[in-house]
Amino acid sequence: MNLFNPDRLITFPADDPQLVKQLQSGTKVYLAKSGDHRYADGWAFAKMAALIIACLCCYALALSQSLWGLYLLWYLAMMFCAMLLAVNVVHDASHDAFLRGKKTNARLNRWVAFPMGLDPDCWRVRHVRFHHGFTNIEFYDPDTAENGILRQTPWQRWRPFMRQQHHYWPLVAALTFPWYIWVVDWLDRAGFTPVTRHLALRGFAGWGYFLAGKLAHCALCLILPWLLSDFSFMTILLTYLLSQLLASLIFVTLIIGTHWAKGHTQLPPEEGKMPVGRLAHTFVTTFDWTPQPAWLGYWLGGINLHLTHHLFPHWHHRHYPALSRIIAQIASQQGLDYQLLTLADLLRLQQQFLRRMGEKPKA
């Protein structure tokens, strides 16, 4: 079950002009002082190259092993590097924030996304258009859509086993990537979801790129290891599934947990117009948090500064630390709820939210 069905248009009123002006002027001053731009710089390209080289090295080391334990170790490392490529490159490129121009970002994504297996066009629509456009709004945000396993809003159907969802949710998070790669992407491409009509490429060309990406992923992760190693196909398939589960668990925990932590969800407005603007809505649905040590945020592609990302999705993540400081100062002046959590805070608030949603509704 997936009740992600945004048929009716939702609009947002204009945000407070003073808030908009302060954010715009603060970011203009920031760029002017450094003579910089909002896209990737040389260091970002170097990080991408380093991750690609690390991914290939781990892959080569995996194929050279004769013991399954060592093969698994290096294969997991390879998939972890592929996941880091997704958060450091695919994520920004999907927002047209890595390179200048939509077409160049789309081409980059086709090459960088296939080791992870997600179709970049389908993911872009689900993430950029719907999740960013309608964060935590029932029926409109696919990340919090009803799935029959996790209850993420008060309006979703409750089942007795959901009392334990704060315990079993990591399993759901781990299954997310395989589910998207092998089910949701295909439904999106085949016209069974609202994503289809917003894809950049449809028809023969769209299917061509889609199938080429899936085949390249299968060749890299399954077929070549089967042909070039001494392991059985079932062993390679098991290794692949374990690596996808681990990568998915890490990614989903750090991304969707940010929106759970705030605990604010809502039904679509009856008249089709939200009560607050997009910026104000972001402040009530999203958090920033900081890892320990703080430099981990650099390799996580800045996804820990998630409120900052939602306010400035078209900026490369290398700017997020500076932007978060600007946001914190302006939020304090405007009386907006900005908090910089620790990872422990984030996980604690996630647990509180899942426990609350898992309780049997009174009515």
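Reckoned from all heavy atoms, side chains included, excluding hydrogens, waters and symmetry mates.
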Practice task
Tell me, with the steps shown, if His259 and His131 meet side chain to side chain contact (heavy atoms under 4.5 Å, CB included).
Solution key: CA-CA 11 Å; His259 299 293; His131 171 64; 3.1 Å; yes
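- Heavy-atom minimum distance, Phe161 versus Gly148: CZ-O, 3.4 Å.
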Show every donor-acceptor pair shorter than 3.5 Å between a side-chain atom in residues 53-61 and any protein atom, with sequence neighbours excluded, or say none if there are none.
residue, atom, partner, partner atom, Å
Tyr59, OH, Leu220, O, 2.6

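- His317 and Tyr320 have perpendicular rings, their planes meeting at more than 60° on a 0 to 90° scale where under 30° would count as parallel.
- Contact record, Trp226 with Ser232: CD1-C, 4.3 Å, taken as the closest heavy-atom pair.
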Handout entry: Working for side chain to side chain donor-acceptor pair (under 3.5 Å), residues Asn109 and Ser94
Key = CA-CA 7 Å; Asn109 266 353; Ser94 297; 3.2 Å; yes
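- For Thr308 and Asp288, the side-chain atoms include at least one donor-acceptor pair closer than 3.5 Å.
- Atoms CG and CG, from Leu307 and Leu323 in turn, are 11.5 Å apart once rounded to the nearest 0.5 Å.
- Considering CG of Asp119 and OH of Tyr180, their distance stands at 13.0 Å, rounded to 0.5 Å.
- Nearest approach of Arg38 to Asp96, heavy atoms of both residues: NH1-O, 4.1 Å.
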Practice task
Begin from the C-alpha positions of Asp185 and Lys214 and carry the test salt bridge (charged side-chain N to carboxylate O under 4.0 Å, His left out) through to its verdict.
Solution key: CA-CA 10 Å; Asp185 277 356; Lys214 295 297 183 185; 2.8 Å; yes
Exercise for the section: Verify salt bridge (charged side-chain N to carboxylate O under 4.0 Å, His left out) between Arg189 and Asp121, making sure each step is shown before the conclusion. Expected result: CA-CA 9 Å; Arg189 177 55 62 182; Asp121 198 6; 3.6 Å; yes
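- Inspection of the His132 and His309 side chains reveals an N or O donor paired with an N or O acceptor under 3.5 Å.
- Side chain of Gln156 to backbone of Thr144: a donor-acceptor contact under 3.5 angstrom is found.
- Rounding to the nearest 0.5 angstrom, the gap separating the CG atom in Asn136 from the OG1 atom in Thr265 is 6.5 Å.
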Problem - Test log, rule side chain to side chain donor-acceptor pair (under 3.5 Å), inputs His281 and His264 - result: CA-CA 10 Å; His281 182 71; His264 177 86; 4.9 Å; no
Determine all donor-acceptor pairs shorter than 3.5 Å in which one atom belongs to a side chain in residues 82-90; sequence neighbours excluded.
residue, atom, partner, partner atom, Å
Asn88, OD1, Lys47, NZ, 2.6
Asn88, OD1, Gly301, N, 3.4
Asn88, ND2, Leu84, O, 2.8
Asn88, ND2, Trp299, O, 2.9

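- Judged as a side-chain contact (heavy atoms from CB on, under 4.5 Å), and not counting sequence neighbours, the contacts of Leu227 are Ile223.
- When all heavy atoms of Phe45 and Ala40 are compared, the closest pair comes out as CE1-CB, 4.1 Å.
- Of all the heavy atoms in Met274 and Pro13, the pair that sits closest is O-CD, 3.1 Å.
- A salt bridge does not link Asp16 to Lys21: none of the charged side-chain nitrogens sits closer than 4.0 Å to a carboxylate oxygen.
- Put simply, the side chain of Arg151 gets close to the backbone of Met357: a donor and an acceptor are under 3.5 Å apart.
- Remark: the Asp230 side chain and the Ser66 side chain contain no N/O donor-acceptor pair separated by less than 3.5 Å.
- Atom CZ in Arg157 sits 9.0 Å away from atom CE in Met162 (nearest 0.5 Å).
- Counting heavy-atom neighbours within 6.0 Å of Gln292 CD, excluding the residue itself, gives a total above 12.
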Problem - side chain to side chain donor-acceptor pair (under 3.5 Å) evaluation trace for Gln22 with Gln334 - result: CA-CA 10 Å; Gln22 284 185 293; Gln334 293 283 332; 2.6 Å; yes
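- For Phe283 and Tyr338, the ring centers are positioned 6.0 Å apart or more.
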Exercise for the section: Take Trp179 and Val184, measure what side chain to side chain contact (heavy atoms under 4.5 Å, CB included) needs, and give me the verdict at the end. Expected result: CA-CA 6 Å; Trp179 174 251; Val184 177; 3.2 Å; yes
Between side-chain atoms of residues 199-213 and protein atoms elsewhere (two or more places apart, or another chain), which donor-acceptor pairs fall under 3.5 Å?
none

Mind listing the side-chain donor-acceptor pairs of residues 236-244 below 3.5 Å, one per line with the distance, residues two or more places apart or on another chain?
residue, atom, partner, partner atom, Å
Thr239, OG1, Trp68, NE1, 2.9
Thr239, OG1, Thr235, O, 2.8
Tyr240, OH, Trp182, NE1, 3.2
Tyr240, OH, His217, NE2, 2.7
Tyr240, OH, Gln244, NE2, 3.3
Ser243, OG, Thr239, O, 3.4
Ser243, OG, Tyr240, O, 2.7
Gln244, NE2, Met116, O, 3.1

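- The NE2 atom of His316 lies 4.5 Å from the CG atom of Asp92; values are rounded to the nearest 0.5 Å.
- Checked against the 6.0 Å centroid criterion, the rings of His91 and Phe98 do not qualify as a close aromatic pair.
- Among residues two or more places apart in sequence or in another chain, the salt bridge (charged side-chain N to carboxylate O under 4.0 Å, His left out) test is passed with Asp15 by none.
- Taking each heavy atom of Arg278 and Gly133 in turn, the nearest pair found is NH1-O, 2.7 Å.
- In this pair, Trp260 and Phe353 present their aromatic rings parallel. The plane angle is below 30°, not in the 30 to 60° band.
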Practice task
Go through Phe130 and Tyr140 one step at a time and tell me if the ring pair (Phe, Tyr, Trp, His ring centres under 6.0 Å) criterion holds.
Solution key: CA-CA 6 Å; Phe130 290 116; Tyr140 284 74; 8.2 Å; no
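- With values rounded to the nearest 0.5 angstrom, Asp188 atom CG is found 11.0 Å from His198 atom NE2.
- Listed for the Asn147 side chain is a donor-acceptor partner under 3.5 Å among the backbone atoms of Leu150.
- No side-chain donor-acceptor contact under 3.5 Å links Asp36 to the backbone of Leu31.
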